[in-house]
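Note that the numbering runs from 1 along the sequence shown for the chain.
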Amino acid sequence: MGFLELHEISVCYGRTPVLKPTDLDVEQGEFLCLLGPSGCGKTSLLNCIAGIVEPATGTVRLDGRDITHEAPERRRCGMVFQSYALFPNLCVADNIAYGLRGAAWPRSRRNSRVAEMLELVGLKNCADRRPAQLSGGEQQRVALARALAPVPSVLLLDEPLSALDARVRIRLGEELRALQRRIGVTTVMVTHDQQEALALADRIVVMGRGHVEQTGTPEEIWRTPQTLSVARFVGDMNFFIAPGTEKGKICGIRYEDVRVLEATELSLGACNTWAARVEAVHYMGKHVRLLLLLQDYATRIHADLSPSEALPFAVRDLVAVRLPQDLLRIWDCPEEEDCTEDRQGGGA
């Protein structure tokens with residue numbers, strides 16, 4: 001039993017089902033990422049937790065309490081929206097203080113809490129500024145401080161980093177994770193960015209077509225994708241029909257797991273090793289990507305090597321390609337799909 005429990009939660013917009021009956025448990029203090037392409041149901045699931053969307057079926061329980069039909073303001077869920085939703089007419093301090101009302105937050109306690117939040121997110125010198133005077137990263141910190149100020153039981157994040165440029169997104173993601181660890185708040189974040197999920201989450205829930213495809217640690221999701229759709233979405237993987245593969249099955253191996261060796265290795269008769277021709281060499285900074293044509297059965301695959309590993313190889317070279325048996329994955333291939341189509345993961 002988790003701190004946050006969702007049982008048989010489904011969502012329909014009109015007559016259109018967008019989330020099939022879904023179960024999910026989140027442990028106290030856990031950082032959970034809902035990962036998937038646009039339209040997979042991840043934001044609808046988050047909105048059910050927040051109380052923004054009424055589920056068609058199912059229950060939501062928080063710390064043992066049924067909150068399925070409670071108003072959002074009574075759920076003790078702090079939320080950071082993709083657009084941050086800051087009040088443009090209020091200064092930073094007043095934005096943070098907005099949810100600190102009622103008898104529980106007299107002026108002295110409210111002011112103290114705002115000062116604490118400003119210190120926590122590193123904006124103590126920005127208290128009097130308006131949102132328009134802040135950078136995107138600073139606005140994100142204000143939104144985070146506002147969500148945390150009322151001491152929520154659960155922090156909900158709806159793609160909070162997507163509006164930032166790549167370098168700022170990485171830095172603030174690291175800061176967000178460090179902050180979450182420091183205060184220990186249970187956190188559920190929606191993202192379509194696989195690298196973001198892999199870097200931040202304790203566990204990842206991969207969603208597709210309105211249901212959960214796989215739940216696991218970042219390493220489990222990366223190393224052992226349980227379905228073809230998860231393998232296609234998370235990371236870069238080669239898909240092919242290997243000799244002797246059972247009908248209706250598809251093989252896959254990640255680019256970085258392909259071993260490229262000198263052609264002399266072919267004479268050694270190693271298992272799962274084939275002759276291949278180098279068709280292209282792409283320098284990609286931290287690694288070099290080779291496009292290889294396997295000679296035995298006219299299949300093209302990619303291999304990611306370090307720059308030093310790639311040095312001996314050039315276009316039109318004959319090489320040996322080894323596909324380690326323990327790193328190969330096999331899945332069922334739906335009849336209506338072209339399962340050998342090369343797709344790169346991480347898109348929305």
Inspect the contact between D236 and R289 and indicate whether a charged nitrogen and a carboxylate oxygen are less than 4.0 angstrom apart. yes
Give a yes or no on whether the backbone of G184 and the side-chain of Q28 come within a donor-acceptor separation of less than 3.5 Å. no
Please check if F81 and L148 belong to a single hydrophobic cluster, counting links between Ile, Leu, Val, Met, Phe, Trp and Tyr side chain heavy atoms closer than 4.5 Å. no
Same cluster or not: are F3 and V26 linked, directly or through other Ile, Leu, Val, Met, Phe, Trp or Tyr residues, by side-chain heavy atoms under 4.5 angstrom apart? yes
Are L293 and L291 linked, directly or through intermediate hydrophobic residues, by side-chain heavy-atom contacts shorter than 4.5 Å (ILVMFWY only)? no
By ring pair (Phe, Tyr, Trp, His ring centres under 6.0 Å) - contacts of F87 (at least two apart): Y98
Decide yes or no on side chain to side chain donor-acceptor pair (under 3.5 Å) for S229 and E213, but give the supporting numbers first. CA-CA 8 Å; S229 58; E213 294 272 0; 3.1 Å; yes
Can you see which heavy atom on C12 is nearest to which on P17, and at what distance? SG-CA, 3.8 Å
Min side-chain heavy-atom separation L328-N272 under 4.5 Å: yes
Counting distance only, does the side-chain N/O of Q214 pair as donor-acceptor with the main-chain N or O of T224 below 3.5 Å? yes
Quick one, V321 with T273, criterion side-chain contact (heavy atoms from CB on, under 4.5 Å). Give me CA distance, side-chain angles, the key distance, then yes/no. CA-CA 5 Å; V321 171; T273 302; over 6 Å; no
W222 ring centre to R254 NZ or CZ under 6.0 Å, with the angle to the axis within 45°? yes
Find the distance between CG (L86) and CD (Q139) and round it off to the nearest 0.5 Å. 6.0 Å
Decide yes or no on salt bridge (charged side-chain N to carboxylate O under 4.0 Å, His left out) for D257 and R223, but give the supporting numbers first. CA-CA 10 Å; D257 292 333; R223 298 308 320 174; 2.7 Å; yes
Under 3.5 Å: donor-acceptor pair, side chain of R61, backbone of E5: no
Lys NZ or Arg CZ of R109 over W105 ring: under 6.0 Å, within 45°: yes
Could you tell me whether the side chains of E309 and H287 share a donor-acceptor contact shorter than 3.5 Å? no
Heavy-atom side-chain contact between L6 and L45 under 4.5 Å: yes
Heavy-atom check, side chain of F313 versus side chain of V260, under 4.5 Å: yes
When rounded to the nearest 0.5 Å, the distance separating CG of L290 from NE2 of H282 is 9.0 Å
Is there a path of hydrophobic side-chain contacts, each under 4.5 Å between heavy atoms, that joins L176 and I204? no
Donor-acceptor pair, distance only, cut-off 3.5 Å: does the side chain of E220 make one with the backbone of T217? yes
Could you pull out all donor-acceptor pairs under 3.5 Å where a side-chain atom in residues 114-130 meets a protein atom, sequence neighbours excluded?
| from | atom 1 | to | atom 2 | distance (Å) |
| --- | --- | --- | --- | --- |
| E116 | OE1 | R113 | NH1 | 3.2 |
| E116 | OE2 | R113 | NH1 | 3.1 |
| R130 | NH1 | N89 | O | 3.2 |

Could you tell me whether the side chain of N47 and the main chain of V53 form a donor-acceptor pair under 3.5 Å? no
Give, for atom CG of L172 and atom CD of E138, the distance between the pair rounded to the nearest 0.5 Å. 9.5 Å
I need the K42 NZ to L34 CG distance, nearest 0.5 Å. 9.0 Å
Separation of I96 CD1 from C91 SG (nearest 0.5 Å): 9.0 Å
Could you tell me whether a side-chain N or O of T68 sits under 3.5 Å from a main-chain N or O of V60, the two making a donor and an acceptor? yes
Counterpart residues, salt bridge (Lys or Arg N to Asp or Glu O under 4.0 Å), relative to R277 (two or more places apart): none
What residues form a side-chain contact (heavy atoms from CB on, under 4.5 Å) with D158, not counting sequence neighbours? T43, L46, M79, V190
Could you please spell out the steps behind the side chain to side chain donor-acceptor pair (under 3.5 Å) verdict for E30 and T186? CA-CA 5 Å; E30 185 176 25; T186 305; over 6 Å; no
Do you see a donor-acceptor pair shorter than 3.5 Å between the side chains of T191 and D193? no
Would you mind listing the cluster partners of I330? Hydrophobic ones only (ILVMFWY), side-chain contacts under 4.5 Å, chaining allowed. none
Determine whether a donor-acceptor pair (N or O, by modelled atom type, separation under 3.5 Å) exists between the side chain of R177 and the backbone of L200. yes
From CA spacing to verdict: side-chain contact (heavy atoms from CB on, under 4.5 Å), V142, Y84: CA-CA 8 Å; V142 175; Y84 309 143; over 6 Å; no
Heavy-atom pair with the smallest gap, counting every atom of L19 and G41: CD1-O, 4.0 Å
Would you say L4 and M189 are hydrophobically clustered, going by side-chain heavy atoms of ILVMFWY under 4.5 Å? no
Can you tell if the side chain of C77 reaches within under 4.5 Å of the side chain of P152, non-hydrogen atoms only? no
Side chain proximity check, Q140 to P160, heavy atoms < 4.5 angstrom: yes
What distance do M207 atom CE and R209 atom CZ have between them, rounded to the nearest 0.5 Å? 13.5 Å
Is any side-chain heavy atom of P225 closer than 4.5 Å to a side-chain heavy atom of W331? yes
Spell out, as yes or no, whether a donor-acceptor pair under 3.5 Å connects the side chain of E262 to the backbone of A320. no
Can you sort out the partners of R76 under side-chain contact (heavy atoms from CB on, under 4.5 Å), two or more places apart, ordered by chain and number? V151, S153
Does anything in residues 7-20 pair up under side chain to side chain donor-acceptor pair (under 3.5 Å), and if so which pairs, sequence neighbours excluded? H7-D23, S10-T57, Y13-S44
For R171, check salt bridge (Lys or Arg N to Asp or Glu O under 4.0 Å) against everything at least two apart and list the hits. E175
Can you name the side-chain contact (heavy atoms from CB on, under 4.5 Å) partners of A314, sequence neighbours left out? D317
Dump the intermediate steps for side-chain contact (heavy atoms from CB on, under 4.5 Å) on L323 and F240, then the final yes or no. CA-CA 12 Å; L323 308 180; F240 54 93; 3.6 Å; yes
Who are the side-chain contact (heavy atoms from CB on, under 4.5 Å) partners of R316, not counting sequence neighbours? none
By salt bridge (Lys or Arg N to Asp or Glu O under 4.0 Å), which residues pair with E73, not counting sequence neighbours? none
Ion pair check, R203 and D25, cut-off under 4.0 Å: no
By salt bridge (Lys or Arg N to Asp or Glu O under 4.0 Å), R146 pairs with (sequence neighbours left out) none
Could you check whether any side-chain heavy atom of V154 comes within less than 4.5 Å of a side-chain heavy atom of L62, counting everything from C-beta outward? yes
Under a 4.5 Å cut-off applied to non-hydrogen side-chain atoms, are H192 and P37 in contact? no
Would L24 and L32 count as a side-chain contact (heavy atoms from CB on, under 4.5 Å) if you check the C-alpha gap in whole Å, the side-chain angles of each, and the deciding distance to 0.1 Å? CA-CA 11 Å; L24 183 65; L32 184 90; 3.9 Å; yes
